[in-house]
Every structure is written in structure tokens, then in C-alpha cells.
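Because only heavy atoms are used, hydrogens play no part in the values below, and waters and symmetry mates are left out as well, while side chains stay in. Throughout, numbering of the chain's residues begins at 1 and tracks the sequence.
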Amino acid sequence: MKTDIAIAQEAKLAHIKDVAAKYGISEDDLELYGKYKAKLSDELMEKTKNNPDGKLILVTAINPTPAGEGKTTTSIGLAQAFGKLGKNCLLALREPSLGPCFGIKGGAAGGGYAQVVPMEDLNLHFTGDFHAITSANNLLAALLDNHIQQGNALQIDTRQIVWKRCMDMNDRALRNIVVGLGAKSDGFVREDHFVITVATEIMAILCLASDMADLKKRLSEIIVAYNYDGEPVTAGQLQAVGAMAALLKDAMKPNLIQTLEHTGAIVHGGPFANIAHGCNSVRATRAALKIADYVITEAGFGADLGAEKFFDIKCRKAGLKPDAVVLVATIRALKYNGGVPKAELSAENLDALKKGVCNLEKHIENLQQFGVPIVVTLNSFLTDTPAEYEFVRDFCESRGCEFALSEVWEKGGEGGVALANKVLKTLEEKPSAFKPLYPDDMPLKEKIETVATKIYGADGVSYAPAAEKTLAKLTELGFGNLPVCIAKTQYSLSDDQHKLGRPTGFTVNVRDVYVSAGAGFVVVLTGAIMTMPGLSKTPAAYGIDVDENGRITGLF
């Protein structure tokens, strides 16, 4: 089979205005970025705001493994399958970060014959949204340091600065730095830090803001530091809001592209789910719901991270009510959870499958706690056997889940028709009774412990002294009613990436806590999770090139 990038580059794309027209979107409602990309206008949002909502379908997955799961591929293939069935369906996805593109993971536009295109544009600079977010973040950092240099009227305690600079790249050398070295005119010497753009509060705010007024309100509430009396200092007090909003004006508008089969895909925002809230923008999802009868969206990494944050943060904040969940797994990943080395995953091994299926079982149980009906799908690989399929099918159906095989990587939309029919059946026969995991008024520590015990399966939570102190302070400052966004390894249900399957008898270790007041959640750092990733020994960047005709190779 051809590589993903070869398939994408050989595809015949429709003009984006023709893709939009299928959904009743006129050319006047588009802001074109060439032939194949466009932003949806604010006027379109206003015109459609009173339309009835379509059905919202979340795609999530088991914990990722080196064997691969194909969550985005499944989302795209499912949308294409809805198109094959004559359904009016839109995708609502996240934009990829440059960090993983040049790091280990590679691109994030799907795979095989289930891709969104133009994939090179999407995986690289796209429409500039991430650059705008990076610029707004670093403008605030510059204004903060300038305020201190120009006399520090707000009495900022330089030992209690919490705002960090950012860039959309994996660069471990920037995790902990010193700024202001040199002459007195070069600034105040202090320790500083970088995070990756997709972990920033600006990214979260852009993805949760409903309009420009809401964006500016959220930006004004960002806490950048504390003063000598221990009181919060905000971006509003630094007079940063107007300029930041100006940088984000165009980035606020959702982007429209297409799949290989010309299904519309609204791709907007891109917070990671292991270190941020892991969902595309509220504006994109709401726009899709007002335009299409069915909206397929996804949340990052496993259901313990992306789906939990989708439900407890995005749906809670935006008033969304998901109608169904598709849970993606692979035979290979389940065998890996059962202890089979990556090199041996192609051989049939029912014993390992029976051992590793506990990871899938826990994710099913977790999703059932939110009251949303579940369809489990196996992303098909050529090495899978009928006996392995039947085991997983029986396992899922005995737990009240619909089950379907997905062959979208190989066959595109046609390979997802069986899954699409199961989803449609579920929507028709099993009404959603969605509810978040915990109430707003539950204390912060209880929220953390609820997620840790009910979703991760932990026995309890331990807190570093500094984290304990911060939780008490945030409660005192009035942030106790916010949801929690737990930063945790994606590779395990625990906070230790080496514990596969369904670990038991462990404690989640909270090492730090801070509030993203503008975004409206409290971030909880666990285990060894980093908010600025590093590159591997052989990063994907080594294999990426562009030929004399301008054609990019090696991106995925």
C-alpha cells in the first residue's frame, strides 16, 4: 500500500467553496486561504446560531501503544462512511502541533484512505492559528517583564511569576531557563520556563471562548503572577488584553478543509490531552452542530484523558450533550497490553488478547459512568485473525456495547459503513443520559480523587507539600468550583507509563497545581509529565524533505 503522504498528494481535491456548498455555506461566508482551505466567517456563525443542533458523536480510544490505534483515522473514515450512506455529516477535529510532526508521532491528518487534505498544509503552518497563539502568549510574557523593568507598579513578586513563554516545538533545553542576563537595561534576572504552545492557557482559552467578547473576558482573567501580598496579578491589569485579542482575531475563526472523499472537516484548535484539555474549539463544534445533522469529533489520547476532559471540561463549559461515543481499539494494541513485544504482535495470540483486553474493559466502564451509549470498533490490521475479532466482539456485546470492525485505512468510507450503521442504530435506540463525573461544588481535592479513583482506578492520591498548599490557596481565592484538568502520561491508566493493561494498587502522585483562570480550570501535574516535550534520538524531522518541485516528503 502507498504511504499516507503519497495517497494524499495523488488525491483530486474539490475547491473548498464546492465542499462548503454541500452544507449550504456560500462563498461569501468563507475567507479563502487558497483553493483548499478557508475560515468560516463570523457572519455564518450568527446566521446559523438558531438552527437546531445535529447529533454529536465523540471518538475516543484505549491508551495509546507503539502498536497504533488509529483514532483520527477512524474519525475521518466514519465521517466518510456517513457520506456514503447519504447523511449530512461534518468532522470537527483538532489542528496538529509542529512538535509531534517533527518529533516521534509524525503528522495527524488520519491515514491510508481516511485522511483530511491538504495534509501537508494542515500538519505544517496551516492558516497560522498556532503562530497567532504563540505570539499572543509571548506578547503577554514580554509585557510582564517590561512592567517589572519599568518600575513594577503592580508590586509583582518575581519569585511568584507563573506565566511561561512558549513555542510550538519539542525543545527540552527551554524547560528551565534564566532571562534578563546582561546589563541593567536588559531586564530583571529571574528564572523562567517554556511550555509547548498546545499546553498554553491561550490555546485553551481560544478553544473554549464562544466569541470575541468572551475571548477578551477570559484573556483579562489570566493570572500571570502574584504580588508581594500574595494576591493574583492578571493580564487585564497589565493592559495586555486588546493587543492579544488583535493577534487572535483571525485565529478565532474555525477552518474548513475536506477529507479524501470531500466530506467537510472543521479543524480548529489543538490542545494536547495529556498536558492540556485535549479538544478542538467550542466554536468549531457548535458551528458544525448548527450546519450538519451529524457531527463527529474526537478527544486526544485515551478515554482516561481526552474523553474525561471532553465531558468534564468542554461539555460542562459549553453546555454540549454528546449523543454517542465510539471507542477505538486494535487487536495489536490489546495484545501489547497483554505483554506481547511489538515485534511479535502479528502472530495470533488469544491468551495475550484475553490478558490485555482489561484495558478496553476499563475504558468501557469509564465511559459508561458518563451515561453516553458506546460503540466499540476495532481498527483492522491485515495480521488480525477471525478468532481474535470474535473474542473482542463477544467481550464488548456482553458489556452492552455495540461492536463493529473498521477497515477505513484500507477502504476509506466504504470500510466504515458497518461502523456507521452501528452508530446510527445506537443513536436511534439508545438515548444519551449524559452527565459529568462530578458536580461543580465538589472541593478540588475531591475532584482530583474522583477522577483518580473512578477513571484511572487508583487507590488514592498523594500530594507534594507545594501542591497541597496551592490547592488550599486556590480554594481561598474562589477557584474551588472549577473543573480539574489532570496532566498525566497517556501510555497508562496510572501516572506511570510502564504500567500497562489495567493497573491496580497504585497511587496517583500530584507534584504541582496551578489555575488557568481564563480557561476556567485547575491544572494538576502528576508523575513525571512534562509540559515541554523533548525530541527523541531519531526525530521524525530527519526524514522530512522537500524536492526541487516543492513537493514535501517524509511527513508521515
Starting from the C-alpha separation in whole Å, work towards a yes-or-no answer on side chain to side chain contact (heavy atoms under 4.5 Å, CB included) for Ile266 and Leu93.
CA-CA 6 Å; Ile266 301 179; Leu93 302 175; over 6 Å; no

Is it true that the side chains of His363 and Asn63 contain a donor and an acceptor less than 3.5 Å apart?
yes

Sort out for me which residue in Arg502, Arg399, Lys454 forms a salt bridge (Lys or Arg N to Asp or Glu O under 4.0 Å) with Glu365.
Arg502

Taking all non-hydrogen atoms of both residues, which atom of Leu91 and which atom of Ser75 are closest, and how far apart?
CD2-O, 3.4 Å

Pair Val19, Tyr36 - check side chain to side chain contact (heavy atoms under 4.5 Å, CB included), show working.
CA-CA 9 Å; Val19 175; Tyr36 308 119; over 6 Å; no

Would a distance-only check, ignoring hydrogens and angles, find a side-chain to backbone donor-acceptor pair under 3.5 Å from Arg283 to Met252?
yes

Quick check: do Ile313 and Cys485 have side-chain heavy atoms less than 4.5 Å from each other?
yes

Taking Lys499's backbone N and O only, do any of them form a donor-acceptor pair with Ser492's side chain (distance below 3.5 Å, no angle check)?
yes

Going through the distances and angles, do Gln490 and Gln497 end up as a side chain to side chain donor-acceptor pair (under 3.5 Å)?
CA-CA 7 Å; Gln490 65 269 34; Gln497 67 175 27; over 6 Å; no

Of all heavy-atom pairs linking Leu367 and Ala303, the shortest is CD2-CB, 4.2 Å

Take Glu10 and Lys2, measure what salt bridge (charged side-chain N to carboxylate O under 4.0 Å, His left out) needs, and give me the verdict at the end.
CA-CA 10 Å; Glu10 290 172 8; Lys2 297 171 182 173; 2.7 Å; yes

For Pro271 and His277 the tightest heavy-atom approach is CG-CE1, 3.7 Å

Evaluate side chain to side chain donor-acceptor pair (under 3.5 Å) for Thr330 paired with Asn379, printing each intermediate quantity in order.
CA-CA 5 Å; Thr330 64; Asn379 192 15; over 6 Å; no

Determine whether a donor-acceptor pair (N or O, by modelled atom type, separation under 3.5 Å) exists between the side chain of Thr48 and the backbone of Asn51.
no

Answer yes if the side chains of Asn255 and Thr127 hold a donor-acceptor pair under 3.5 Å, and no otherwise.
yes

Between Ser432 and Pro322, is there a donor-acceptor pair closer than 3.5 Å when you use the side chain of the first and the backbone of the second?
yes

Just verifying a value: how many Å separate Phe82 CZ and Leu90 CG, rounded to the nearest 0.5 Å?
12.0 Å

Can any side-chain N or O of Gln115 pair as donor or acceptor with the backbone N or O of Leu260 at less than 3.5 Å?
no

Any side-chain donor-acceptor pair under 3.5 Å between Thr426 and Glu402?
no

Spell out, as yes or no, whether a donor-acceptor pair under 3.5 Å connects the side chain of Asp323 to the backbone of Leu56.
yes

For atom NZ of Lys422, decide whether the heavy atoms of other residues, nucleotides or ligands shown that lie under 6.0 angstrom number more than 12.
yes

Donor-acceptor pair between Ser26 and Asp29 side chains, under 3.5 angstrom:
yes

Asp168 side-chain N/O to Leu98 backbone N/O, donor-acceptor pair under 3.5 Å:
yes

Can you check whether Leu85 reaches Asn421 side chain to side chain, under 4.5 Å on heavy atoms?
yes

Find out whether the Lys NZ or Arg CZ of Arg332 is both under 6.0 angstrom from the six-membered ring centre of Phe381 and within 45° of the ring's axis.
yes

Would Ser210 and Arg286 count as a side chain to side chain contact (heavy atoms under 4.5 Å, CB included) here? Give the steps.
CA-CA 9 Å; Ser210 55; Arg286 279 185 175 156; 3.5 Å; yes

Mind telling me whether Phe434 and Phe370 have parallel, tilted or perpendicular rings, with 30° and 60° as the class edges?
parallel

Stepwise side chain to side chain donor-acceptor pair (under 3.5 Å) test for Lys362 and Asn366
CA-CA 6 Å; Lys362 177 59 175 159; Asn366 286 349; 3.0 Å; yes

Between Glu388 and Asn349, what is the shortest heavy-atom contact and its length?
OE2-N, 3.2 Å

Under a 4.0 Å threshold between the charged nitrogen and the carboxylate oxygen, would Lys290 count as salt-bridged to Asp53?
yes

Step by step, would you call Lys314 with Thr285 a side chain to side chain donor-acceptor pair (under 3.5 Å)?
CA-CA 10 Å; Lys314 181 176 178 177; Thr285 303; 2.7 Å; yes

Decide yes or no for Arg551 and Val546: does some side-chain heavy atom of the first lie under 4.5 Å from some side-chain heavy atom of the second?
no

Check whether more than 12 heavy atoms from other residues, nucleotides or ligands sit under 6.0 Å from atom CD of Glu429, and answer yes or no.
yes

Side chains of Asp384 and Tyr389: donor-acceptor distance under 3.5 Å anywhere?
yes

Backbone N/O of Ile16 and side chain of His262: donor-acceptor pair under 3.5 Å:
no

Would you please test Tyr336 and Leu500 for side chain to side chain contact (heavy atoms under 4.5 Å, CB included) and show each step?
CA-CA 8 Å; Tyr336 185 86; Leu500 302 180; 3.6 Å; yes

Under a 4.5 Å cut-off applied to non-hydrogen side-chain atoms, are Ile196 and Phe272 in contact?
yes

Verify salt bridge (charged side-chain N to carboxylate O under 4.0 Å, His left out) between Lys411 and Glu414, making sure each step is shown before the conclusion.
CA-CA 6 Å; Lys411 300 177 181 178; Glu414 194 60 47; over 6 Å; no

Straight-line distance of Lys321 NZ to Cys315 SG, nearest 0.5 Å:
9.0 Å

Shortest non-hydrogen contact between Ala114 and Thr73, atoms and distance
CB-O, 3.5 Å

With a 4.5 Å heavy-atom cut-off, do Leu555 and Leu124 have their side chains touching?
yes

Under a 4.5 Å cut-off applied to non-hydrogen side-chain atoms, are Thr65 and Tyr491 in contact?
no

Give a yes or no answer on whether the side chain of Glu95 reaches the backbone of Gly269 with a donor-acceptor pair at less than 3.5 Å.
yes

Using side chain to side chain contact (heavy atoms under 4.5 Å, CB included) as the criterion, list what pairs up with Asp18, not counting sequence neighbours.
His15

One thing to verify: whether Glu428 and Lys425 come together as a salt bridge, which I'm taking to mean a side-chain N less than 4.0 angstrom from a carboxylate O.
no

Keeping the roles fixed (side chain from Gln369, backbone from Pro436), state whether a donor-acceptor pair exists under 3.5 Å.
no

Residue pairs involving residues 295-311 (criterion salt bridge (charged side-chain N to carboxylate O under 4.0 Å, His left out); sequence neighbours excluded):
Lys71-Glu298, Asp304-Lys488

Counting only heavy atoms not in Lys317 (residues, nucleotides, ligands), do more than 12 fall under 6.0 Å from its NZ?
yes

Exercise: identify the closest heavy-atom pair between Pro96 and Cys101:
CB-SG, 4.4 Å

All side chain to side chain contact (heavy atoms under 4.5 Å, CB included) counterparts of Glu31, not counting sequence neighbours:
Lys39, Ser41, Lys253

Please tell me if the side chains of Leu256 and Lys37 come closer than 4.5 Å, counting only heavy atoms from C-beta onward.
no

Given side chains that start at C-beta, do those of Asp351 and Lys355 come closer than 4.5 Å, heavy atoms only?
no

